[in-house]
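A short write-up of the structure that comes next.
Naming convention: chains lettered A, B, ... in sequence-line order (proteins, then strands); numbering from 1 in each chain.
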Protein chains: 2
Amino acid sequence: MKKKDMHAYTYAYEKIRDQILSGEIEPHIKLTEEMLAEKFGISRTPIRSAIAKLEQEGMIRNKRIFIPTANDIRHIFQVRILIEGYAANYCSKFISEDALNRLKKCVEVGFDGTLEEVMEANHEFHQIIIQETRNPLMISIIDKMQSIIYLFRKTVVGQKRPHLIDEHANIYKAIENHDDQLAQQLMVEHLEKDLEFSLSRINN
Amino acid sequence: MKKKDMHAYTYAYEKIRDQILSGEIEPHIKLTEEMLAEKFGISRTPIRSAIAKLEQEGMIRNKRIFIPTANDIRHIFQVRILIEGYAANYCSKFISEDALNRLKKCVEVGFDGTLEEVMEANHEFHQIIIQETRNPLMISIIDKMQSIIYLFRKTVVGQKRPHLIDEHANIYKAIENHDDQLAQQLMVEHLEKDLEFSLSRINN
DNA sequence: TTAAAAAATATTGTACACAATATTTTTTAA
DNA sequence: TTAAAAAATATTGTGTACAATATTTTTTAA
């Protein structure tokens, strides 16, 4: 529901984004301004802004939901591995008590939560580590890629990878022990496995 | 001059961008749509698109030219060091013959070119290294930051740093020798010095 | 005077009409 | 039939008017 103090383009942006992520808007169909304007009961102008933003962020390409190729996935992960590896290292030295607790919670939920909760906790695990860099640029770079990866996961993979939680647990331990080298190495390996898993789902 | 087959918003984007970088539009003044529309003889609609893009890219913030704080600069460099360090490493292993030659040329121009040429060559030196990763994501991340740093340089620094060319020469040599570790280390140190130099210009 | 309220002004946001392009379909000529 | 050309259609781009907000200035009451 549109909040009364919300601009139409913000509303449109969130709506389109959510509907893409939830699958309500299916891939491959062309996102025309008029069709979306009709759908949300507003004019084309705010829709244009929303689409432009989504295109900038990489979720839409050529007016269609962006479905990354194997190479796109590799490129995304190359950047992710670099930044998140660094972040894991950084965390080991500078993480706050609070963040460390939240990280621990994520691992615990990973072991005993519902599927929904586990998915959310896994996402948050990575999120916390990045946020502890307190570098807004890094955070936003990762955020944008997350959406694309999430989307890709939902549409292509739709399935959980084995050992994922154990790897999180190990990364957590390394951070807790302030072993920056190990934390970085484990994060890199973790993401490399994630990449492999993702790619294996495309090629068949 | 506006090309006839160019959309007004592309024209506006380039014009505004160029005028910001050239200093024709001064910092601190508010970039209102109407004022820019008037200036370029087009309506507000394409100006809106252009501003939105420039804001996404970080050159404009709150309708004003973005002038980064010391912390902003640190954050930008933290990402740059990470990515360009990686790129230097990567280059040492995989650079093409052609790119290596162009890199060499940049160093040479650095020693015997005019100020204008030197500036351009220095920029290109970094550009080539990033481009050799062939990762469009990395390239675009660095590109966006380049604009902001360049702008910041122009307005705040306006001055060349000593030893810069020598450092480029050393990085070049390391890449030429396929010494990936050294290339990375030298690039990191190079950028750290750049950061220090930039910061020293703010704090007085 | 000074701070809150009100009014005036400036600026941005939205809708909509029409123009310019891009895309698809149909027609035509080989 | 098939490929190029033409026409029809769909979609995006632009200008403009007006509405909604934000900002600045003026007024008012203490």
Side-chain angles (χ1 to χ4, degrees), chain A residues 1-20 23-67 69 140 147-148 151, chain B residues 1-20 23-67 69 140 147-148 151:
Chain A
M1 231 91 301
K2 183 180 167 188
K3 307 281 169 54
K4 58 171 97 254
D5 64 341
M6 184 186 243
H7 279 150
Y9 76 85
T10 309
Y11 173 73
Y13 168 77
E14 291 183 0
K15 268 298 205 179
I16 296 171
R17 188 175 191 286
D18 290 350
Q19 294 204 1
I20 288 175
E24 233 172 308
I25 295 175
E26 349 178 16
H28 297 300
I29 70 147
K30 188 168 188 192
L31 268 21
T32 68
E33 294 172 5
E34 202 155 5
M35 165 255 188
L36 293 168
E38 176 101 6
K39 188 172 191 137
F40 299 124
I42 56 182
S43 84
R44 276 176 49 216
T45 312
I47 297 284
R48 274 172 85 66
S49 305
I51 290 178
K53 190 162 182 216
L54 261 352
E55 287 211 319
Q56 269 287 323
E57 294 179 354
M59 292 203 37
I60 294 180
R61 203 117 116 185
N62 303 321
K63 308 284 164 187
R64 289 187 167 78
I65 296 176
F66 173 56
I67 298 166
T69 64
S140 83
S147 304
I148 296 168
L151 179 57
Chain B
M1 226 93 301
K2 182 180 166 186
K3 308 280 169 53
K4 57 170 101 255
D5 63 342
M6 184 186 244
H7 278 151
Y9 75 84
T10 309
Y11 173 73
Y13 169 77
E14 291 182 0
K15 269 298 205 179
I16 296 171
R17 189 175 189 287
D18 290 351
Q19 294 204 0
I20 287 175
E24 232 171 310
I25 295 175
E26 344 178 17
H28 297 299
I29 72 146
K30 188 167 188 191
L31 267 21
T32 68
E33 294 171 5
E34 202 156 3
M35 164 253 185
L36 293 168
E38 176 103 4
K39 188 172 191 138
F40 300 124
I42 56 182
S43 84
R44 277 177 49 215
T45 312
I47 297 285
R48 274 173 84 67
S49 305
I51 290 179
K53 191 162 181 215
L54 261 352
E55 286 211 320
Q56 269 286 322
E57 294 178 354
M59 292 204 37
I60 293 180
R61 203 118 114 185
N62 303 321
K63 310 282 163 186
R64 289 186 165 80
I65 296 177
F66 174 55
I67 297 166
T69 64
S140 83
S147 305
I148 296 169
L151 177 57

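Taking side-chain N and O atoms only, A:Arg48 has a distance below 4.0 Å to OP1 or OP2 of D:dG13. The side chain of A:Ser43 contributes an N or O atom lying less than 4.0 Å from OP1 or OP2 of C:dA15.
At distances below 3.5 Å, not a single donor-acceptor pair connects side-chain atoms of B:Gln56 with backbone N or O atoms of A:Gln56.
To the nearest 0.5 Å, the span separating CD on B:Glu26 from CD1 on B:Ile20 amounts to 12.5 Å.
Within the 4.5 Å cutoff, no side-chain heavy atoms of B:Ile60 are placed close to those of B:Arg64. Within the 4.5 Å cutoff, side-chain heavy atoms of B:Ile25 are placed close to those of B:Lys39.
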| field | Verdict with reasoning, B:Glu33 to B:Arg48, per salt bridge (charged side-chain N to carboxylate O under 4.0 Å, His left out) | value | CA-CA 7 Å; B:Glu33 294 171 5; B:Arg48 274 173 84 67; 2.7 Å; yes
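Base-pair partner of C:dA29: D:dT2 (Watson-Crick or G-U wobble, both distances under 3.5 Å). Of all nucleotides present, only C:dA7 satisfies the Watson-Crick or G-U wobble test against D:dT24, with each distance under 3.5 Å. The nucleotide D:dA19 finds its pairing partner in C:dT12, both defining distances of the Watson-Crick or G-U wobble pair being shorter than 3.5 Å.
Between the P atom of C:dG13 and the CE atom of A:Met6 lies a distance of 14 Å, rounded to the nearest Å. For the pair A:Leu31 CG and D:dT12 P, the interatomic distance rounds to 9 Å; values are reported in whole Å. The CD1 atom of A:Ile47 sits 13 Å away from the P atom of C:dC16 (whole-angstrom rounding). C:dG13 atom C1' lies 18 Å from atom CZ of A:Phe40, rounded to whole Å. One can place CD of B:Glu38 at 13 Å from P of D:dG15, the figure rounded to the nearest angstrom. Between the P atom of D:dG15 and the OH atom of B:Tyr9 lies a distance of 14 Å, rounded to the nearest Å. Atoms OH (A:Tyr11) and P (C:dT14) sit 13 Å apart, rounded to a whole Å. Residue B:Glu33 contributes atom CD, which lies 11 Å from atom P of C:dT14 at whole-angstrom precision.
The side chain of A:Thr32 approaches D:dT12 more closely than any other nucleotide in the set D:dT14, C:dT11, D:dT12. Picking from C:dT14, D:dG15, D:dT12 the nucleotide with the shortest atom distance to the side chain of A:Lys63 gives D:dT12. When distances run from any side-chain atom of A:Glu34 to the nucleotides D:dT12, D:dG15, C:dT14, the shortest one goes to D:dT12.
Looking at B:Thr45, its side chain has no donor and acceptor atom pair within 3.5 Å of the base of D:dG13.
Of the two residues near DNA chain C, A:Lys30 and A:Arg44, the one whose nearest nucleotide lies more 5' is A:Arg44.
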